[in-house]
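Shown next, in structure tokens, is the structure this report addresses.
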Amino acid sequence: MLMADEELHETNAQDQEDWQNQAQTTDEAAETTEAPAADRTAAAEDAPADETADEDEDYGIPMDKVEAVLNATADKASLTPQMQRMMQRQAENTRRVEESIKGTKSNPRWFVPLFCTFMIIGLVWAVVYYLTGNYPIPGIDAWNLAIALGIILIGFLMTMWWR
């Protein structure tokens, strides 16, 4: 955990200066191209909420660049080292998840209907015993409940092996 924190916060002075210079030039460009305050407020009132929210969440990074990073189609040479490491970690995580999914075995198609059938048969067995007092197997009395609970238990135990 400590190593991951150090890696996340690891930057050199040149990367930090580049980032700050980029943010300053973006701010300066925005100031020179902005309309007067009255025009901005009128435009903000006319614009839908989604457009203003998109403008607020831009943070000076173009959305197409963010989408390229998320889709792993970005030019890695133009990204910061932190973004490159993030893309490598994401690709590694994706590969590991895909491998673990491939290694997972699934149950046969008859497994779920079988354990559901066991639980239903056990329930029906108990209901029949309570309604008749002697059946499904006459002469064993309360052992019919033990048989019903045993059949239901087999069904519930099978659910633990369901994948």
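This one's a predicted model, so the numbers in the text were calculated from it and none came from an experiment.
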Quiz prompt | Spacing of T94 atom OG1 and R89 atom CZ [to the nearest 0.5 Å] | solution = 13.0 Å

Quiz prompt | Inter- and intrachain pairs under ring-ring contact (aromatic ring centres under 6.0 Å, His included), touching residues 83-111, at least two apart | solution = F111-F115

Exercise. May I ask you to say whether R96 pairs ionically with E92, meaning some side-chain N is under 4.0 Å from a carboxylate O?
Key: yes

Practice problem: Applying salt bridge (Lys or Arg N to Asp or Glu O under 4.0 Å), name anything that partners E99, two or more places apart in sequence or on another chain. | Solution: R95

Quiz item: Going hydrophobic residue to hydrophobic residue with side-chain gaps under 4.5 angstrom, can you get from Y129 over to L123?
Solution: no

Quiz prompt | Interatomic distance, W162 atom CH2 to N107 atom CG [nearest 0.5 angstrom] | solution = 9.0 Å

Side-chain donor-acceptor pairs of residues 141-155 under 3.5 Å, sequence neighbours excluded:
residue : atom : partner : partner atom : Å
N144    : OD1  : W125    : NE1          : 3.3
N144    : OD1  : I137    : N            : 3.4
N144    : ND2  : I137    : O            : 3.1
N144    : ND2  : D141    : O            : 3.3

Quiz prompt | Spacing of N93 atom CG and E98 atom CD [to the nearest 0.5 Å] | solution = 11.0 Å

Quiz item: Hey, quick one: are Y135 and Y130 part of the same hydrophobic cluster, counting side-chain heavy atoms closer than 4.5 Å, chains of contacts allowed?
Solution: no

Quiz item: Just wondering, more than 12 heavy atoms not from F118 lying within 6.0 Å of its CZ?
Solution: no

Quiz prompt | From R85 atom CZ to M87 atom CE, the distance as rounded to the nearest 0.5 Å | solution = 13.5 Å

